[in-house]
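Here is the structure we will look at, set down as structure tokens.
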Amino acid sequence: MKDELDINGLTLIAGGHTAFQLLWAGHELGVFALLSKRPGLTRAQIAQEIAIQSQPARILMTGLAALRLVIKEGDTYRNSSIVGQLLDTDSPQNMGDILGWQALIVYPGEMDFVESLRKNANVGLGRFPGTENNLYQRLVHDPKLERAFHAAMSSLSRSANSMLANSVDFASIRHLVDAGGGDATNALALARAHPHLQLTVFDAPTVCQLAVANIANVGLTERVKTHSGDFFIDAFPKDIDAILFAHMLTIWSPDKDRALLKRAYDALPSGGQLIIFNMMGDDDDSGPISTALGSPYFLSIATGEGMLYSWAEYESFLRHAGFSQTRRFQLPHDHGVLIGTK
Ligand SMILES: C[S@@+](CC[C@H](N)C(=O)[O-])C[C@H]1O[C@@H](n2cnc3c(N)ncnc32)[C@H](O)[C@@H]1O
């Protein structure tokens, strides 16, 4: 049983849009970066350093202190420890790019959440230039948005792929296809962690070009290849024993995911493994908060049909595709690996 919501919790949710804007302003105007380097500044000193006037600085710093993003001690401020860890620009875990994606894409697009629920469609996509029916294709019309999007995805992948590399028994795998492997960030991390592994990134032709350049840059062309095409239509690479879907199946409807997993099943030999790596929702659809807050983006903006599915739902997709045996591996940050064996 989860605790009942109290008035403070409700106040924070009701003003969640403002709480986010305070967080974003603290990052975008450089308050957190400043206090990482020089904790103990007064409000007047902060205002001067970030070049805003005294009254707006009062509103900003009062908000940041009330949200406990910064700690006010007497007349001076320091970052809370979690902000120091996750928003210090020098930190490897820096989540500034993820805030950028939230501010520029998720925030405006979710203005249309209610209409998206009513219409069961990504009405929020209308706020972005273009006529294509998903966000990924529309991004080409706005280079600033496209940069913000890819910076956030690459930040998410970097923080997640070390968990993946250490959570699966890759010793039993010889040749793995990273389906929708993007610019090969994940494939290269797996190749470095597991020197016996051969990998193939299966993605759209233009994306494979990015992957080819990245693979060549680190001298791994012998072990990491690309295979361009559309995995809903084109054949998977031959002579493989595992297929990975990392942060992929959230994009589409259950019907499309089941069809895609069936294609993957057909491409694998007997004993072959299908690896799903994603944030995983609870089986009883009550959380966790990270996936519950992530799903509206897929409905309102990205495609109008996906969500962060639960463990049990992915297992049902795998069984539907023909995989007889599935195993769950719980990872930090609400991530998980689910392996189905043919
Ligand atoms: C959300 S990204 C995931 C990237 C990577 N797997 C990760 O974990 O960071 C989705 C990727 O799927 C690719 N993709 C989408 N539809 C595809 C299709 N029909 N065939 C092949 N690749 C596709 C996109 O080009 C993109 O690189």
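Computed from a predicted structure; not experimentally measured. Every number for a ligand or one of its atoms is a count from 1 in the order of the listing.
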**Prompt:** Do H175 and H196 make the cut of ring centroids closer than 6.0 angstrom?
**Reply:** no
**Item:** Distance, nearest 0.5 Å, that separates CD of Q48 from OG1 of T42
**Value:** 9.0 Å
**Request:** Keeping the roles fixed (side chain from H333, backbone from A160), state whether a donor-acceptor pair exists under 3.5 Å.
**Result:** no
**Message:** Could you check whether any side-chain N or O of Y107 sits under 3.5 Å from a backbone N or O of H17, counting only pairs where one atom can act as donor and the other as acceptor?
**Reply:** yes
**Atom indices of ligand 1 within 4.0 angstrom of A246 heavy atoms, with elements** = 3 (C), 5 (C), 6 (N), 7 (C), 8 (O)
**Fill in**
Quick note on ligand 1: atoms under 4.0 Å from a heavy atom of G182 include exactly 27 (O)
**Of the listed options K256, Q137, H247, M248, closest to atom 1 (C) of ligand 1 (non-hydrogen atoms)** = H247
**Asked** Which residue from D178, D203, D183, N278 reaches closest to atom 13 (C) of ligand 1 through any of its heavy atoms?
**Response** D203
**Request:** Answer side chain, backbone, both or neither: which part of W252 comes under 4.0 Å from ligand 1, heavy atoms only.
**Result:** side chain
**Message:** One residue to check: N186. Relative to ligand 1, which of side chain, backbone, both or neither has a non-hydrogen atom less than 4.0 Å away?
**Reply:** side chain
**Prompt:** Within 45° of the six-membered ring axis of F323 and under 6.0 Å from that ring's centre, is NZ or CZ of K342 located there?
**Reply:** no
Does this structure show an ion pair linking [X] with [Y], if we count only N-O contacts that are shorter than 4.0 Å?
{"X": "D112", "Y": "R127", "result": "yes"}
{"X": "R147", "Y": "D142", "result": "no"}
{"X": "D255", "Y": "R258", "result": "yes"}

For [atom], find the nearest protein heavy atom and state the residue, atom name and distance (0.1 Å precision).
{"atom": "atom 5 (C) of ligand 1", "answer": "G180 O, 3.4 Å"}
{"atom": "atom 20 (N) of ligand 1", "answer": "F231 N, 3.0 Å"}
{"atom": "atom 19 (N) of ligand 1", "answer": "D230 OD1, 2.8 Å"}
{"atom": "atom 9 (O) of ligand 1", "answer": "S157 OG, 2.6 Å"}

**Asked** Under a heavy-atom criterion of less than 4.0 Å, does G229 contact ligand 1?
**Response** yes
